[in-house]
Amino acid sequence: MLDALRISGRISGRISGRISGRTSGTTFSSVAELIADATERTALAGAAGKSGARLERVVIGGQPYVLKHLDLAEDWTMRASGCLRGAPLLAWERGLLARLPACFNQPIVGVAPEDGGAGRPASGGAGRSPSGGGGRAPSGGCAVLMRDVTPWLVPVSDEPIGLDQHLRFLRHMAALHAAFWACGSECEVVPVMHRYLELSPWLATAEAAVGSAHLVPRLVAQGWPRLAEVAPAAAAVVTPLARDPGPLVEALEATPQTFVHSNWKLDNLGTDEQGRTIVLDWEQPGRGAPLSDLAWYLAINCRRLPQGKQDAIAAYRQALEEQGIDTEPWWDRQLALCLLGALVQFGWEKALGGYDEELAWWETQAVRAAPLLK
């Protein structure tokens with residue numbers, strides 16, 4: 001791995017020399033080193049995202065990049081993950097991102113621990129010295145330097161995506177899972193227990209205790225009590241699991257495991273000119289059930305999918321089979337558990353929309369899967 005990562009010169013040479021490859025593992029001691037030859041650095045105001053991460057536009061060697069700061073004091077998703085150094089940093093150091101199948105365009109070119117040494121740019125600060133600026137030192141976390149893939153990302157809207165792109169996402173999701181099938185502890189980045197607790201009532205309580213002003217934790221606090229009002233049958237199954245996912249995690253552990261991204265939200269996805277899939281936000285990855293990625297994708301993108309859930313599930317299964325994975329022995333059990341798991345993660349969000357066809361579907365899946373926990 002390290003032989004493939006030898007790059008001479010200063011950071012601009014190290015970055016530009018590997019633009020076309022999917023390399024990881026190179027160690028950067030600080031953000032200052034990561035962006036040492038930046039000629040422009042500008043804060044990106046109003047960038048999409050609800051986590052509290054801070055984004056900057058950086059120019060190195062005449063090429064545009066995005067620098068994403070994951071600061072433990074500012075990013076509630078990072079606190080929820082329990083990965084204090086930052087999940088992208090761990091995945092980078094372990095070379096996991098370099099192992100993605102060729103159907104992915106992996107834009108990350110460097111990750112460094114946050115140390116406060118690189119400061120903050122002023123708004124509109126083109127040409128600002130990368131080492132200048134004030135700002136407090138981060139409390140922990142990392143900074144992720146990515147090629148700017150904005151033109152290829154799925155547009156932020158309420159419109160359904162095209163069927164071809166949707167099916168391509170499912171095929172490439174299956175390719176990712178097949179590539180890491182039966183992976184070991186090297187893929188344990190964010191523990192599965194933490195992923196199922198990320199949007200739990202405990203999150204709302206913890207964020208309120210630290211005075212967090214972020215919207216999502218406040219909506220989580222509103223949504224979980226609402227679920228009991230609008231869908232009591234669903235709440236009876238999933239609310240206890242939202243507080244203690246242990247029985248669900250234990251049941252899933254007895255089914256096949258792989259490396260999962262854990263946030264296949266359309267805002268994180270794109271398709272480049274070669275038809276490769278772009279996946280951003282490697283902030284909750286880890287070892288887990290492959291169908292947990294599929295269930296998350298179906299739950300969070302429900303209003304924008306061009307295909308019914310059962311058809312999408314069948315399309316993913318076919319893609320996984322085409323990758324050489326025999327699904328027959330384990331499919332039904334893991335699918336039921338992962339659909340239940342998706343409501344453990346999103347029961348609060350579904351409840352905020354009232355009892356509609358969407359929530360009714362997920363309630364049926366949760367009630368159906370409950371006996372598998374006994």
Side-chain angles (χ1 to χ4, degrees), residues 77 79-83 87 177 181-185 187-207 217 220-221 223-264 284-300 309 313 327-351 358-374:
T77 64
R79 293 193 289 270
S81 77
C83 189
H177 295 157
W181 201 257
C183 64
S185 60
C187 290
E188 287 280 11
V189 180
V190 176
V192 62
M193 181 73 80
H194 293 195
R195 297 199 296 271
Y196 280 114
L197 285 169
E198 180 191 8
L199 298 168
S200 71
W202 299 118
L203 165 81
T205 300
E207 290 298 302
V220 169
W224 281 115
R226 176 75 172 153
L227 183 66
E229 298 172 9
V230 300
V237 176
V238 303
T239 302
L241 292 172
R243 292 189 172 277
D244 177 12
L248 175 63
V249 170
E250 183 177 357
L252 283 170
E253 184 62 31
T255 66
Q257 305 288 294
T258 188
F259 185 51
V260 294
H261 174 270
S262 299
N263 194 357
W264 281 76
Q284 294 280 341
R287 181 175 173 272
L291 297 186
S292 64
D293 265 346
L294 176 63
W296 177 286
Y297 177 84
L298 296 176
I300 200 168
K309 293 181 180 64
I313 291 168
T327 63
E328 185 62 33
W330 56 271
W331 179 268
D332 290 343
R333 182 178 182 83
Q334 188 178 105
L335 177 62
L337 290 168
C338 286
L339 293 178
L340 167 58
L343 197 60
V344 169
Q345 293 167 312
F346 288 110
W348 64 273
E349 187 267 345
K350 303 298 180 187
E358 173 70 10
L359 178 51
W361 190 89
W362 288 101
E363 181 177 55
T364 298
Q365 309 312 311
V367 171
R368 183 179 296 162
L372 297 177
L373 303 178
K374 299 176 180 178

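Values reported hereafter were calculated over all heavy atoms of this structure, with side chains retained and with hydrogens, waters and symmetry mates removed. This is a predicted model, so every value here is computed, not measured.
Annotation: side chain of Val238 is in contact with side chain of Trp224 (closest heavy-atom distance under 4.5 Å). Leu337 has its side chain within reach of Leu373: a pair of non-hydrogen atoms, C-beta onward, lies under 4.5 Å apart. Between Leu252 and Tyr196 the shortest side-chain heavy-atom distance falls below 4.5 Å. A 4.5 Å side-chain heavy-atom check between Val260 and Arg195 finds at least one atom pair inside the cut-off. Put simply, the side chain of Asp293 reaches to within 4.5 Å of the side chain of His177, judged on heavy atoms. Side-chain contact between His194 and Cys83: absent, with no pair of heavy atoms (C-beta onward) separated by less than 4.5 Å. Taking 4.5 Å as the limit, every side-chain heavy atom of Lys350 sits out of range of all side-chain heavy atoms of Glu363. A heavy-atom distance below 4.5 Å is found between the side chains of Trp331 and Leu291.
Annotation for Leu343 and Ala366: closest pair CD2-CB, 3.9 Å, computed over non-hydrogen atoms. Residues Val367 and Ala233 share a closest heavy-atom pair of CG2-O, 4.0 Å. Nearest heavy atom pair, residue Pro201 against residue Ala242, reads CD-CB, 3.8 Å. Minimum interatomic distance between Leu359 and Ala351 (heavy atoms only, all atoms of both residues): CD2-CA, 4.3 Å. Contact between Ala221 and Ala204 at its shortest, heavy atoms only, is CB-CB, 3.6 Å. Nearest approach of Leu197 to Pro245, heavy atoms of both residues: CD2-CD, 3.6 Å.
Side-chain contact, Ser262 with Gln284: no donor N or O sits under 3.5 Å from an acceptor N or O.
Ring planes of Trp330 and Trp181: tilted class, angle from 30 to 60°.
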Inset, instruction - Apply side-chain contact (heavy atoms from CB on, under 4.5 Å) to Trp362 and Leu339, showing your working. - result: CA-CA 7 Å; Trp362 288 101; Leu339 293 178; 3.7 Å; yes
Inset, instruction - Decide side-chain contact (heavy atoms from CB on, under 4.5 Å) for Leu203 and Glu198; before the verdict, give the C-alpha distance in whole Å, the side-chain angles of both, and the deciding distance to 0.1 Å. - result: CA-CA 6 Å; Leu203 165 81; Glu198 180 191 8; 5.7 Å; no
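Counted within 6.0 Å of CD on Glu229, heavy atoms from surrounding residues, nucleotides or ligands total more than 12; the atom is thus considered enclosed.
Within the cation-pi definition used here (under 6.0 Å to the ring centroid, within 45° of the axis), Arg243 qualifies as a partner of Trp202.
To the nearest 0.5 Å, atom CE of residue Met193 and atom CD of residue Glu253 are 11.0 Å apart. Ile300 contributes atom CD1, which lies 13.5 Å from atom CH2 of Trp264 (distance to the nearest 0.5 angstrom).
Of the possible donor and acceptor atoms, none in the side chain of Thr255 sits under 3.5 Å from a partner among the backbone N and O of Ala251. Remark: side-chain polar atoms of Glu207 are not paired, donor with acceptor, to backbone N or O of Thr205 under 3.5 angstrom.
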